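Chain letters run A, B, ... following the sequence lines, proteins first, then strands; residues in each count from 1. Only a predicted model underlies this, so the values are computations on that prediction, with no experimental measurement involved.
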Amino acid sequence: ERTYSTLMQGLFKQGRIEDALELWKEMDSNGCAPRNFSYNVMLHGLFQNGRMEEAMKLVEEMFTKGVSPNAVNFNTIINGLCKHGKTEEAIRLMKKMSEYGSSPDAVTFTTIIDGLCKEGRLEVAIRLMGKMSECGSKPDTVTFTTLIDGFCKEGRLEEASSLVENMSRRGLRPDVVTFTTIINWICEQGRLGEALRLMEEMCGKGFRPNHCDLEYIIKAFCKEGRLEDANKLLEDMANIGIPPNTATFNAMNNDLCKARGLQKTEELLEKMMKAGFEPDAVTYCTLMDAMLKEQRVEDALGIHNVLTSKGRAPAVHTRNMLLRKLFKNGELNVAVEFIDGMLANGCIPD
RNA sequence: ACUGGAGUUUACGAAU
């Protein structure tokens, strides 16, 4: 069972959902009855890959097979619901946990708090944090960081910093994600100098900056047209052992597309591939978007087709981008053809 | 062995 679970987890991570499902069937037919943790791997994988209905079916199956969900299962389901915009359902489920001998823990609460924050329901989120103690739980660094991110994204700076204070009053230390959250938000405000200073402070506390910091700061530099500074930062980061990756390239690339046109981008893309970086979904999305903006619809469609034929069909969002352009240009026949092709390739429209 | 928080691309609207 452990081997199967590990394998399925790996398959889900690579987006190979059908393969994982196959393995799940095989496991069953080999007389290996899945327990909570195997169900959890499946649930998590299905939710992560947007296969909500199948996940919910699996939950029913757990019940009919007499596998009572444990706290981790509940948390996984609650997270799945939240990530699909069903926060209210998630809250209802949390209230039911006690009927099954589990009680909500910090993970449960933080998951729902995150869902509420992402919906902009910050007051409700704060109130929920206040209720954690009733369940014998208490907020941790992750809970606070979730809220800090929520308030930052809504531009509610003072409340965000009072959360930081509240956190340290409780003896909770900020971790690298907390720092990154704040650094990103300071960048967003265009206060780049402060962001860089905070990053140094973070290093001073023994945390290593990571790509979440790097890409955001790069983006901010580019926005201000400070390309040399961006390149300098890339060098500095590489020197402390954080070499650029595909996401870093993407961040630079976006600016190139917008400010300097596609030719430079294509040069950079070539350079990147020569350096051994694989373009990813974001790379292609950026590139296709830029092509569409320059009316190079054929080229964008070409990339789409190549990716699809390689079994790496772009996400719904990217496909919608193309469709929108086709409609805008009045190319209805091409659009219809495109949709047919999508369906034939098993892509589900949203 | 399985669950929660941060980063790079994409819509729309407004203004010009």
Side-chain angles (χ1 to χ4, degrees), chain A residues 1-10 12 34-45 47-48 69-80 82-83 90 102 104-115 117-118 125 137 139-150 152-153 174-185 187-188 209-220 222 244-255 257-258 279-290 292-293 314-325 328 350:
Chain A
E1 184 178 5
R2 180 191 167 133
T3 311
Y4 275 114
S5 300
T6 310
L7 281 173
M8 291 188 305
Q9 202 180 3
F12 274 123
R35 286 176 286 173
N36 291 87
F37 65 81
S38 303
Y39 271 107
N40 206 61
V41 170
M42 285 303 287
L43 286 174
H44 187 245
F47 275 124
Q48 292 277 46
N70 63 16
V72 174
N73 296 142
F74 273 110
N75 289 343
T76 303
I77 301 166
I78 285 171
N79 185 38
C82 286
K83 295 287 182 297
S102 307
D105 58 12
V107 174
T108 323
F109 278 103
T110 304
T111 305
I112 294 181
I113 286 172
D114 184 52
C117 285
K118 300 273 188 299
S137 160
D140 59 15
T141 299
V142 178
T143 317
F144 272 101
T145 304
T146 304
L147 281 161
I148 290 167
D149 183 56
C152 285
K153 291 223 164 80
D175 65 10
V176 65
V177 178
T178 319
F179 271 108
T180 301
T181 303
I182 299 170
I183 289 170
N184 288 350
W185 154 70
C187 279
E188 197 65 44
N210 56 31
H211 278 283
C212 300
D213 302 301
L214 179 60
E215 273 77 51
Y216 220 98
I217 297 177
I218 293 277
K219 185 172 108 165
C222 288
N245 64 14
T246 298
T248 320
F249 166 81
N250 290 339
M252 298 286 287
N253 182 35
N254 182 43
D255 175 71
C257 288
K258 293 207 170 111
D280 64 5
V282 175
T283 316
Y284 288 117
C285 188
T286 312
L287 189 61
M288 285 160 72
D289 180 54
L292 293 177
K293 290 203 169 106
V316 184
H317 220 118
T318 311
R319 297 198 302 265
N320 285 348
M321 196 171 79
L322 274 162
L323 266 178
R324 214 174 285 123
K325 188 67 176 183
K328 217 174 196 170
D350 68 355

Discussion item. At 4.0 Å (heavy atoms only), tell me whether A:Thr181 reaches a base, stays on the sugar-phosphate, or touches nothing.
Written reply: sugar-phosphate

Worksheet item: Can you check the A:Leu323 CG to B:A11 C1' distance for me, whole Å?
Response: 13 Å

Worksheet item: With no angle test and no hydrogens, is the base of B:G4 tied to the side chain of A:Thr111 by a donor-acceptor pair under 3.5 Å?
Response: no

Fill in: Nearest-angstrom distance from the residue atom CD1 of A:Ile78 to C1' of B:U3
10 Å

Practice prompt. Determine, stepwise, if the pair A:Phe109 / A:Thr143 fulfils side-chain contact (heavy atoms from CB on, under 4.5 Å).
Written response: CA-CA 8 Å; A:Phe109 278 103; A:Thr143 317; 5.8 Å; no

Item to complete: Answer with yes or no whether the side chains of A:Asn79 and A:Thr76 bring together a donor and an acceptor at under 3.5 Å.
Response: no

Worksheet item: Does any donor atom in the side chain of A:Thr111 or A:Asp114 lie under 3.5 Å from an acceptor atom in the other side chain?
Response: no

Fill in: Touch class at under 4.0 angstrom, heavy-atom based, for A:Ala247 against every strand present
base

Worksheet item: So which heavy atom on A:Ala251 is nearest to which on A:Glu215, and how close?
Response: CB-O, 4.1 Å

Item to complete: Would you indicate which nucleotide in B:U8, B:G5, B:A1 comes nearest to any side-chain atom of A:Arg2?
Response: B:A1

Discussion item. Should the side chain of A:Thr146 and the base of B:G5 be counted as holding a donor-acceptor pair, with the cut-off at 3.5 Å?
Written reply: no

Discussion item. Quick check: do A:Phe249 and A:Thr283 have side-chain heavy atoms less than 4.5 Å from each other?
Written reply: yes

Discussion item. Looking only at side-chain N and O atoms, does A:Asp149 offer a donor or acceptor that is under 3.5 Å from a partner on A:Thr181?
Written reply: no

Discussion item. I want to check one thing: is the phosphate of B:A11, taken as OP1 and OP2, less than 4.0 Å away from some side-chain N or O of A:Lys293?
Written reply: yes

Worksheet item: Within the side chain of A:Asp289, is there an N or O that forms a donor-acceptor pair under 3.5 Å with the backbone of A:Met321?
Response: no

Item to complete: Would you indicate what A:Ala71 reaches in the nucleic acid, counting non-hydrogen atoms under 4.0 angstrom: base, sugar-phosphate, or nothing?
Response: nothing

Item to complete: Send over the distance from A:Asp140 CG to B:U3 C1', rounded to a whole Å.
Response: 13 Å

Fill in: B:G7 base / A:Asn210 side chain donor-acceptor hit below 3.5 Å
no

Worksheet item: Heavy-atom distance under 4.5 Å between the side chains of A:Thr3 and A:Thr6, does that happen here?
Response: no

Worksheet item: What's the verdict on side chain to side chain donor-acceptor pair (under 3.5 Å) for A:Thr248 and A:Asn245, showing C-alpha distance, side-chain angles and the deciding distance?
Response: CA-CA 5 Å; A:Thr248 320; A:Asn245 64 14; 3.0 Å; yes

Response to the item:
Against the side chain of A:Glu215, the closest entry in B:U8, B:A6, B:U3 is B:U8

Worksheet item: Would you say a side-chain N or O of A:His211 is under 4.0 Å from OP1 or OP2 of B:A6?
Response: no

Worksheet item: In terms of side-chain heavy atoms of A:Phe37, which of B:A1, B:G5, B:U8 is nearest?
Response: B:A1

Worksheet item: Reckon A:Gln9 touches a base, only the sugar-phosphate, or nothing at all at heavy-atom distances under 4.0 Å?
Response: sugar-phosphate

Practice prompt. Measure from CG on A:Asn79 to C1' on B:U3 and round the result to the nearest Å.
Written response: 7 Å

Fill in: Phosphate contact (B:U9 OP1 or OP2) by A:Asn254 side-chain N/O below 4.0 Å
yes

Worksheet entry | d(CG, A:Asn75; P, B:C2) in whole Å | 14 Å

Practice prompt. May I ask you to verify whether the side chain of A:Asp175 and the base of B:G5 hold a donor-acceptor pair under 3.5 Å?
Written response: yes

Discussion item. Only Watson-Crick and G-U wobble pairs with both distances less than 3.5 Å should count. Give RNA chain B in dot-bracket notation, marking inter-strand partners with |.
Written reply: ................

Fill in: Donor-acceptor pair, side chain of A:Asn75 and main chain of A:Ile78, under 3.5 angstrom
no

Item to complete: Please state how far atom CG in A:Asp289 lies from atom P in B:U9, giving the value in whole angstrom units.
Response: 11 Å

Practice prompt. Check the distance between B:G5's C1' and A:Trp185's CH2 and give it to me in whole angstrom.
Written response: 17 Å

Worksheet item: How about A:Leu147 and A:Cys117: do any of their side-chain heavy atoms sit closer than 4.5 Å?
Response: yes

Worksheet item: Separation of A:Ile112 atom CD1 from B:U3 atom C1', in whole Å?
Response: 13 Å

Discussion item. Nearest to the side chain of A:Thr110, heavy atoms from C-beta on, is which of B:G7, B:G4, B:U9?
Written reply: B:G4

Practice prompt. Select base, sugar-phosphate, or nothing to describe what A:Lys325 touches, counting heavy atoms under 4.0 Å on all strands.
Written response: nothing

Worksheet item: What does A:Thr76 touch in the nucleic acid at a heavy-atom separation under 4.0 angstrom: a base, only the sugar-phosphate, or nothing?
Response: sugar-phosphate

Every protein N/O lying under 3.5 Å from an N/O of nucleotides 12-14 of chain B:
none

Discussion item. From the set B:U3, B:A1, B:G5, return the single nucleotide nearest to any side-chain atom of A:Thr6.
Written reply: B:A1

Worksheet entry | Presence of A:Lys83 side-chain N/O under 4.0 Å of B:U3 phosphate oxygens OP1/OP2 | no

Discussion item. Looking only at the side chain of A:Val107 (C-beta and beyond, no hydrogens), which of the listed nucleotides B:G5, B:C2, B:G4 gets closest?
Written reply: B:G4

Worksheet item: Under 4.0 angstrom, heavy atoms only, what part of the nucleic acid is A:Thr178 near: base, sugar-phosphate, or nothing?
Response: base

Item to complete: Have a look at A:Thr143 and say if it touches a base, only the backbone sugar-phosphate, or nothing, with a 4.0 Å heavy-atom cut-off.
Response: base

Practice prompt. Give a yes or no answer on whether the side chain of A:Gln48 reaches the backbone of A:Phe12 with a donor-acceptor pair at less than 3.5 Å.
Written response: no

